[in-house]
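Okay, structure first, notes after.
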Amino acid sequence: MNDTEKKTVYFREPIAIAFVIAAFKIVLYAVAGSNYGYFRDELYFLACADHLAWGYPDHAPLSVFLTWASRGAFGDSLYAIHLLPTLAGALKIILTGLIVRELGGRHVAMLLACLCVLVAPVYLGIDLLLSMNAYEPIFWMGCVLSYIWAVKREDPRYWLMFGAFAGLGLMSKHSIVFFGIAIVVGLLLTQDRKEFASKYLWFGGALAFLIFLPNLIWQYQNDWPTLELLRNVQESGKNVVLAPHEFIWQQIFILLPLTAPVWLAGIWYLLFDREGKRFRTLAIAYLVTLVLMIVLKAKNYYLVPIYPVLFAAGGVFWEKVAGRFRSGKPTVFVYAAIVIIGGLIFLPVAVPVLPVEKFIAYQAALGIAPPKMEVGHTGPLPQHFGDRFGWKEMTAKVAEVFNSLPPEERAKAAIFANNYGEAGAIDHFGGQYGLPKAISGHQSYYMWGSRGYDGSVVIVLGDEKEDAEKSCRSVEERGRVGHPYAMGEEQFNILVCRGLKTPLLERWPKLKHWN
């Protein structure tokens, strides 16, 4: 067989479908990768990349390391910072295809599973944002593949690979620990419990621990800041608390309701099908993780890293069903076309493909908005879009105020932001105006300290004059910040505070704001 014939055979393999769909994901990035603007969290992650550490109060370090490397290689334009998350989204589709292949699926299963992963609005959204959420499913599905290979090939050495993915997953986002617990429960409740007799499973656990150890040491050295932050979130009532039925419904909604027949069938296939139940551990792991997320009052997207395996299993299930009927395959292709149409309808809700004015009209006509996840954030746009507006304009306004100060005040003036979005915007856009780096008590900014400022002159962002007057000898309002599409909390007066009543270094511990 010559090289041309080998390539032809390869492209006839089912896995080629996964690569084609993944390629479409990358094309979508090329279309929408620089629309609207920098998201609030993206500005924060760029700031974190200037302060490399083995941990941060509100997230694990791996995504920051990747941001640092990406920025060094490609720069920090919107296209540049969205490249790695998009590639991670494409890899998620390919991993879904690999799971389909291991479960015995062919072309129909591959098409259904990978197509569902492509069109799910929650994946479309997170895969075009710089954050740890885009990378998280890679590590969960890496663990899934490792488990499948370990039990299917009866080769326990794959548990070492499981441990590597789990350890990297912990360094990406700590919530993978719940998936790990769920896998252990699944092993204990199935015939896979015999895997505990293998030394490689325990070695895999040790490997995961060693990979995670630097972050664990950092947590210990800094008095467990992540636990403190999580307690604050619970006590503050920051997040929208969902009842069990609301959480489940929102899973259906954010994955696109039209895809529900596939992933729900995946649960059935793994639990009860004669062939699928060989991997029943995975279905139990999903159910346990679901219960944990509901009990812990998690945000709706915390569970989404697990769904590619259910889409894979559901694709195999429907392929088997379709094979029993003469009209089975044509019916599947009709269903796939309907899913594509549904995905296109919801696409502008998840990805900034429309001009913002047209999006507002489109969402109003559609009559459907993404579910709200946090109590306080309001604005004319959904938060995942609204938090992309106003940062450049805010920085320009702050620069006007800063540069209007007398030279002797400008030399010692600090810019204090009430949240990491404002601080990150000053850090990212402020250089062109000669602005100093911002200070803030919010999240990691608190740990970076007051940068040596004494508090004699402070430009305050995102605070009320009445509140600032409690801390400053004089407070002057100097300009209004407000973009029509920005979130409500980003509409405020810029304050110039003179004569902080308590020296800034002494006051700093009281400014901690972890939520």
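Worth saying up front: this structure is predicted, and the values here are computed from it rather than measured.
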Any sub-3.5 Å donor-acceptor pair from [X]'s side-chain atoms to [Y]'s backbone N or O?
{"X": "His384", "Y": "Val349", "value": "yes"}
{"X": "Asn232", "Y": "Trp514", "value": "yes"}
{"X": "Tyr123", "Y": "Val304", "value": "yes"}
{"X": "Tyr79", "Y": "Ala30", "value": "yes"}
{"X": "Asn215", "Y": "Trp54", "value": "yes"}
{"X": "Ser70", "Y": "Leu66", "value": "no"}
{"X": "Ser172", "Y": "Leu168", "value": "no"}
{"X": "Trp140", "Y": "Pro308", "value": "no"}
{"X": "Glu319", "Y": "Val108", "value": "yes"}
{"X": "Asn35", "Y": "Pro352", "value": "yes"}

_I need the Met487 CE to Arg40 CZ distance, nearest 0.5 Å._
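Those atoms lie 7.5 Å apart.
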*May I have the step-by-step check of side-chain contact (heavy atoms from CB on, under 4.5 Å) for Ile183 and Phe162, ending in yes or no?*
CA-CA 11 Å; Ile183 285 287; Phe162 185 103; 4.1 Å; yes
Of all the heavy-atom pairs spanning [X] and [Y], show the shortest one and how long it is.
{"X": "Val262", "Y": "Cys116", "answer": "CG2-SG, 3.7 Å"}
{"X": "Ile21", "Y": "Leu111", "answer": "CD1-O, 4.3 Å"}
{"X": "Asn419", "Y": "Glu490", "answer": "ND2-OE2, 3.0 Å"}
{"X": "Ser131", "Y": "Phe45", "answer": "CA-CZ, 4.1 Å"}
{"X": "Leu103", "Y": "Ala312", "answer": "CD1-C, 4.2 Å"}
{"X": "Ile284", "Y": "Gly186", "answer": "CG2-CA, 3.7 Å"}

*asked:* As a quick check of understanding, evaluate side-chain contact (heavy atoms from CB on, under 4.5 Å) for Tyr135 and Ser63, giving each step before the final call.
replied: CA-CA 8 Å; Tyr135 305 116; Ser63 53; 4.1 Å; yes
_With a sphere of 6.0 Å drawn around CZ of Arg157, does it hold more than 12 non-hydrogen atoms of other residues, nucleotides or ligands?_
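No, the 6.0 Å shell around CZ holds no more than 12 heavy atoms from other groups.
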*Within 6.0 Å of CZ in Phe24, more than 12 heavy atoms from elsewhere*: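 It does not: Phe24 CZ has 12 such atoms or fewer within range.
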Test item: [X] and [Y] side chains (from C-beta on) under 4.5 Å apart, heavy atoms:
{"X": "Tyr301", "Y": "Gln250", "result": "no"}
{"X": "Asp127", "Y": "Lys92", "result": "yes"}
{"X": "Phe165", "Y": "Ser146", "result": "yes"}
{"X": "Ile368", "Y": "Phe253", "result": "yes"}

Between [X] and [Y], does the ring centre distance come in under 6.0 Å?
{"X": "Tyr38", "Y": "Trp391", "result": "no"}
{"X": "Phe65", "Y": "Trp68", "result": "no"}
{"X": "Tyr286", "Y": "Tyr307", "result": "yes"}

*When the ring planes of Trp202 and Phe196 are compared, do they come out parallel, tilted or perpendicular, using 30° and 60° as the limits?*
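Plane angle between 30° and 60°, so tilted.
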*Indicate the ring-plane relationship of Phe389 and Tyr36, choosing parallel, tilted or perpendicular according to the 30° and 60° boundaries.*
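Rings of Phe389 and Tyr36: tilted, 30 to 60°.
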*Answer yes or no on whether Lys152 is positioned over the face of Tyr158, meaning its NZ or CZ is under 6.0 Å from the six-membered ring centre and within 45° of the axis.*
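Here Lys152 fails the 6.0 Å and 45° test against Tyr158.
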*Show your reasoning for whether side-chain contact (heavy atoms from CB on, under 4.5 Å) applies to Phe385 and Val356.*
CA-CA 9 Å; Phe385 285 166; Val356 65; over 6 Å; no
*Start with the C-alpha gap between Phe203 and Lys199, add the side-chain angles, then the distance that decides, and say whether side-chain contact (heavy atoms from CB on, under 4.5 Å) holds.*
CA-CA 6 Å; Phe203 287 162; Lys199 63 182 179 181; 3.9 Å; yes
*Would you call Glu154 and Lys194 a salt bridge, taking side-chain N to carboxylate O under 4.0 Å as the test?*
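Salt bridge: no.
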*Do Arg278 and Asp192 sit within salt-bridge range, that is, some charged N less than 4.0 Å from a carboxylate O?*
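The answer is yes: the pair qualifies as a salt bridge.
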_Does His174 form a ring pair (Phe, Tyr, Trp, His ring centres under 6.0 Å) with Phe212? I'd like the steps, not just the answer._
CA-CA 10 Å; His174 296 138; Phe212 179 56; 5.8 Å; yes
*Give the intermediate values and the outcome of side chain to side chain donor-acceptor pair (under 3.5 Å) for residues Glu42 and His428.*
CA-CA 10 Å; Glu42 293 177 331; His428 185 69; over 6 Å; no
